[in-house]
Amino acid sequence: MQKIKDLARQYKDDVIAMRRHLHAHPELSYQEYETSKFVQNKLKEYGIPFKVMAETGVVGIIEGKSPGSYTVALRADMDALPIQEENEVEYASQNTGVMHACGHDVHTSVLLGAARILMQLKNEFDGTVKLIFQPGEEKNPGGASLMIKAGALKDPVPNAIFGLHVHPTLDVGTYSFRGGEAMASADEIYITVKGKGGHAAAPHLTVDTIYAASQIVVSLQQVISRRNDPLNHSVLSITSVQGGFTTNVIPSEVKMMGTFRAMNEEWRFRAHDLIRNVCEGVSKSTGAEINVHIDVGYPFLVNHPELTADARKLAEAFAGEENVSETELRMGAEDFAYYSQEIPACFYRLGTRNAELGTRIGHTPTFNVDEDAIMYGMGMMAWLGAACRSEVKK
Ligand code: NI
């Protein structure tokens, strides 16, 4: 443990420089070509063998003593968001309209730092560490699903996988964990309402699409409030309604969008049917033609309870009990969920807040982190990679 801490301190400035390079050169989901090359070059430099998969994904392997005895996978995501950066820092994004506003630059550099540490200490731990650098966390179908399809979880199959996310409301130097349900599934809803446009003063000669759309917005809420078990976390929000252009014309089409989230796969797909039923009912009562498309996104994220409990104990030993807390339940989504559906998984949070920086929420143009978090992140990742040997089953 002490060696890991010492190396994390020693490599800190170098890893911060990598983070700044990645931050200045962000790439959108599935276009992480330069980022991927950067990762590959670093692994080469550290002497770590790797494979490229899913176009820009990279999987590195570090074999310790008796490499077949256990495999831990450590995962980082590499993509940025279509946001114009507003931070005035020397390492601000050089790519117009693209920004690492979710901290994936931190995740990638933290995993590179951890890789360097683990490679150096490979004669001091048993088993194999698999490094997974994945594309496209921010966009369907989710880079994790492509990495799994491409075989990232095979040869060898990891006994456990860890991922972290920067957390802007958690103080730097601290971590949080949560076993069981952790984040929601997220499906995109697209609804088109078609009717007969016409004069607003003669609605009886039209099929009123605005009225039908309004019925849908209101009625869909009963799927959550009346059909779902109140103890089952779920939320549905209609986030866009577009139709019409003036005061005296009923438009012939209204388009709507929204999101549906859940923490239970069975309820999730039953709710999809209920959403379609509501639209069918409104279609019958209004005469409008209603088309529903649900784009199925990430599943819900479940942290293996025993693995997470073991990891939390390891984290407390590494960072002190006072620096490890319980993550609050959230309805956000994260494609790490795909790994959690396959093998024992634990997704934890890395504190990035300090008093001066304040809380810088992700997915905003002024998101940023306390860069000390990078040292704490690579230390913890390396520690979990070297020390977690939980014999849990999915
Ligand atoms: Ni993210």
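Just so it is clear, the structure is predicted and the values come from calculations on it, not from any experiment. Just follow the structure's listing: the first ligand is 1, and inside any ligand the first atom is 1.
With a 6.0 Å cutoff to the six-membered ring centre and a 45° limit on the axis angle, Arg268 does not count as a cation-pi contact of Phe300.
Panel detail: the Ni ion (ligand 1) has protein N, O or S atoms under 2.8 Å away, 3 in number.
In this pair, Tyr338 and Tyr298 present their aromatic rings perpendicular. The plane angle is above 60°, beyond the 30 to 60° band. Aromatic ring pairs are classed by plane angle as parallel below 30°, tilted from 30° to 60° and perpendicular above 60°; the pair Phe269 and His272 is perpendicular.
His100 and His107 have their aromatic ring centers separated by at least 6.0 angstrom.
Residues Ile216 and Ile290 are in side-chain contact: their nearest non-hydrogen atoms beyond the backbone lie under 4.5 Å apart.
In this structure, Met256 CE and Ile191 CD1 are separated by 4.5 Å, a value rounded to the nearest 0.5 Å.
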